[in-house]
There are 2 protein chains.
Amino acid sequence: MTNTTENTESTILKAAKTVFLKKGMDGARMQEIADEAGINKALLHYYFRSKQQLFEAVFLNAFSLLAPQLNYILNDDSSVQDKIIKFTHNYITFISQHPYLPNFVIQEINRNPDFAIQIKERPQFPDIKKFKIQVDLEVKAGVLKPIKAEQLFINIMSLSIFPFIGKPLLKAFLNTDENTFSNIIEERKTVVAIFIMNSIKA
Amino acid sequence: MTNTTENTESTILKAAKTVFLKKGMDGARMQEIADEAGINKALLHYYFRSKQQLFEAVFLNAFSLLAPQLNYILNDDSSVQDKIIKFTHNYITFISQHPYLPNFVIQEINRNPDFAIQIKERPQFPDIKKFKIQVDLEVKAGVLKPIKAEQLFINIMSLSIFPFIGKPLLKAFLNTDENTFSNIIEERKTVVAIFIMNSIKA
DNA sequence: ACATTTGTTAACCATTTGGTTAAACTAAAT
DNA sequence: ATTTAGTTTAACCAAATGGTTAACAAATGT
């Protein structure tokens with residue numbers, strides 16, 4: 001077997017990722033993916049059978065990029081403070097390089113909530129249990145002000161992810177240009193952790 | 001002129017809102033909107049000419065529901081603390097009753113950023129200027145810890161809105177059922193303001 | 001009563017779109 | 001050299017979809 005096969009397959013996947021991430025399942029067109037990949041449309045079906053299956057390949061790939069980052073904050077052994085500092089910085093940095101990713105994943109799970117069930121069954125799927133025990137412990141020990149781990153988790157995710165999803169809206173509200181907004185995001189790599197820790201440090 | 005006209009028109013708008021908010025421009029089908037309204041598909045074109053124009057009517061209507069709430073926090077004369085308490089409570093309450101709204105608006109602005117330009121020109125479009133001056137003043141007066149108004153604004157929006165947009169994802173991560181998640185959201189009506197104020201109160 | 005305007009519908013149309021097919025091409029195996 | 005298996009393409013197909021039309025129904029004005 002020649003290696004053109006694998007090349008073509010990964011070329012398709014890359015192109016599909018570009019188009020699906022930008023336009024979503026409903027907005028994407030098989031012809032556009034083929035054009036992006038520079039190949040004949042029939043090849044998409046030759047390698048992936050259907051739009052649905054090609055989409056799922058892209059979706060699972062996208063999700064598997066987001067999950068490990070999360071496992072880090074949830075299962076690391078450092079203090080809650082260290083985790084928050086590292087996580088917010090890493091996550092905002094990471095998403096800056098893949099700005100379409102969170103919006104895509106969230107949008108498609110909203111469109112078809114069955115996806116959430118599917119990905120929950122995967123082994124790398126993040127589990128909040130350990131993080132919750134740790135937060136409860138530090139609260140009891142008086143290191144942190146009383147806060148429910150669930151609320152803290154939601155806050156961390158909200159502050160890290162929303163600015164990317166809501167970017168066009170926020171840009172309009174703040175009346176800033178692209179460059180200024182980038183600077184604000186850059187600043188958030190450190191400022192978000194400070195904001196959170198100011199709130200919960202006892 | 002009979003009033004059936006206005007009835008039909010508003011029936012269409014209501015149905016279009018239901019379908020567009022759930023499925024977005026790309027996912028929505030004119031036939032589905034007609035079925036939802038219980039009328040013939042041709043009537044959609046009779047009253048709104050095209051899918052695009054019907055969509056725009058729905059979008060502007062949706063946006064005009066979100067904007068006034070924002071103007072409140074930005075232009076009210078109460079202290080920053082009072083604003084944050086009132087805003088987070090009001091906004092989370094409001095969105096609970098219209099859970100598809102923010103996701104829809106953000107998604108469609110992402111799909112077509114020209115929308116952001118269009119709505120910016122409307123008179124009710126929120127302006128952050130006054131809020132910024134107020135925050136800067138309270139920081140200088142030592143009422144608040146140093147924080148940029150822009151970052152604070154993004155934080156408030158993130159903490160209020162993201163839980164609704166990311167709901168299916170958060171539900172999966174937190175491993176909670178619908179009911180538990182509703183309780184968490186309910187709790188956020190008060191807990192978000194406390195979280196923010198703990199962070200920024202000097 | 002009658003004509004005219006407005007509202008509503010079923011049938012139809014053109015285009016788009018996901019998907020298929022049969023033929024052509026390529027490269028390794030014999 | 002010839003066969004064989006895998007790869008790629010142009011042409012094609014059926015269904016879906018936004019939009020139109022022509023006829024019909026219901027109000028409204030005269």
Side-chain angles (χ1 to χ4, degrees), chain A residues 1-62 104 107-108 111-112 114-115 118, chain B residues 1-62 104 107-108 111-112 114-115 118:
Chain A
M1 193 195 305
T2 157
N3 70 337
T4 46
T5 286
E6 208 194 327
N7 279 342
T8 304
E9 191 170 327
S10 58
T11 300
I12 291 174
L13 251 163
K14 196 181 161 194
K17 206 172 159 180
T18 302
V19 175
F20 275 130
L21 256 71
K22 212 178 196 160
K23 310 222 169 163
M25 172 68 169
D26 289 335
R29 295 289 167 258
M30 293 298 266
Q31 188 58 59
E32 190 180 352
I33 295 171
D35 291 347
E36 173 79 26
I39 54 162
N40 189 281
K41 180 167 67 94
L43 272 187
L44 304 182
H45 292 96
Y46 181 77
Y47 283 99
F48 292 91
R49 280 198 78 82
S50 67
K51 185 184 183 184
Q52 179 65 25
Q53 281 189 46
L54 178 54
F55 170 78
E56 283 178 24
V58 169
F59 180 84
L60 293 178
N61 178 275
F104 170 73
Q107 198 53 32
E108 296 304 329
R111 196 176 56 85
N112 178 9
D114 289 343
F115 267 126
Q118 265 187 55
Chain B
M1 193 194 304
T2 159
N3 70 337
T4 46
T5 287
E6 208 195 327
N7 279 341
T8 303
E9 190 169 328
S10 59
T11 301
I12 291 175
L13 250 162
K14 196 182 161 195
K17 206 171 158 180
T18 302
V19 175
F20 275 130
L21 256 71
K22 214 179 198 158
K23 310 222 168 163
M25 172 68 169
D26 289 335
R29 295 288 166 259
M30 293 297 266
Q31 187 58 59
E32 190 180 351
I33 294 172
D35 292 346
E36 173 79 26
I39 54 160
N40 189 282
K41 181 167 67 94
L43 272 188
L44 303 183
H45 293 95
Y46 181 78
Y47 284 100
F48 292 91
R49 281 196 78 81
S50 67
K51 185 184 183 184
Q52 179 64 25
Q53 281 188 48
L54 178 53
F55 171 79
E56 282 177 25
V58 169
F59 180 85
L60 292 178
N61 179 275
F104 169 73
Q107 199 53 32
E108 297 303 330
R111 197 177 56 85
N112 180 8
D114 289 344
F115 266 126
Q118 265 187 56

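Only a predicted model underlies this, so the values are computations on that prediction, with no experimental measurement involved. Residue numbering restarts at 1 for every chain, and letters A, B, ... go by the order of the sequence lines.
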When we call it a touch if two heavy atoms are under 4.0 Å apart, what does Ala28(A) touch: a base, just sugar-phosphate, or nothing?
->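 Counting heavy atoms under 4.0 Å across all strands, the contact made by Ala28(A) is with sugar-phosphate only.
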
What integer distance in Å separates [X]:[atom1] from [N]:[atom2]?
| X | N | atom1 | atom2 | result |
| --- | --- | --- | --- | --- |
| Arg49(A) | dG18(C) | CZ | C1' | 13 Å |
| Asp26(A) | dT17(D) | CG | C1' | 13 Å |
| His45(B) | dA10(C) | NE2 | P | 16 Å |
| Glu9(A) | dG6(D) | CD | P | 15 Å |
| Phe48(B) | dG19(D) | CZ | P | 14 Å |
| Asn7(B) | dT8(C) | CG | C1' | 15 Å |
| Lys41(A) | dT16(C) | NZ | P | 13 Å |
| Glu32(A) | dG19(C) | CD | P | 16 Å |

Side chain of [X]: nearest nucleotide among [options]?
| X | options | answer |
| --- | --- | --- |
| Arg29(B) | dT8(C), dG18(D), dG19(C) | dG18(D) |
| Asn40(B) | dT9(C), dT9(D), dG18(C) | dT9(C) |
| Tyr47(B) | dT17(D), dT8(C), dG18(C) | dT8(C) |
| Tyr46(B) | dT8(C), dT9(D), dT20(D) | dT8(C) |
| Leu43(A) | dG19(C), dT9(D), dT8(C) | dT9(D) |

Kindly compute the distance separating CG (Asn7(A)) from CD1 (Ile12(A)), expressed to the nearest 0.5 Å.
->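 These two atoms lie 11.0 Å from each other.
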
- Message: Nearest 0.5 angstrom please: Phe104(B) CZ to Lys17(B) NZ, how far?
- Response: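 Taking CZ in Phe104(B) and NZ in Lys17(B), the distance rounds to 9.5 Å.
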
### Query
If you find the nucleotide of DNA chain C closest to Met30(A) and the one closest to Ala42(A), which residue's nucleotide is nearer the 5' end?
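The 5'-side residue here is Met30(A).
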
Distance-only, no hydrogens or angles: does the Glu108(A) side chain make a donor-acceptor pair with backbone N or O of Met25(A) under 3.5 Å?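 Yes, Glu108(A) side chain to Met25(A) backbone: donor-acceptor pair under 3.5 Å.
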
Can a donor-acceptor pair be found, under 3.5 Å and without considering hydrogens, that links the side chain of Lys41(B) to the backbone of Glu32(B)?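 Absent.
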
With respect to the phosphate group of dG18(C), does any side-chain polar atom (N or O) of Ser50(A) fall under 4.0 Å of OP1 or OP2?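 Checking dG18(C) against Ser50(A), no side-chain N or O comes under 4.0 Å of OP1 or OP2.
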
Give a yes or no on whether a donor-acceptor pair under 3.5 Å exists between the nucleobase atoms of dG19(C), that is its base, and the side chain of Lys51(A).
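Absent.
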
Non-hydrogen side-chain atoms of Thr8(B) and Tyr46(B) separated by less than 4.5 Å:
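SC-SC contact between Thr8(B) and Tyr46(B) ruled out.
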
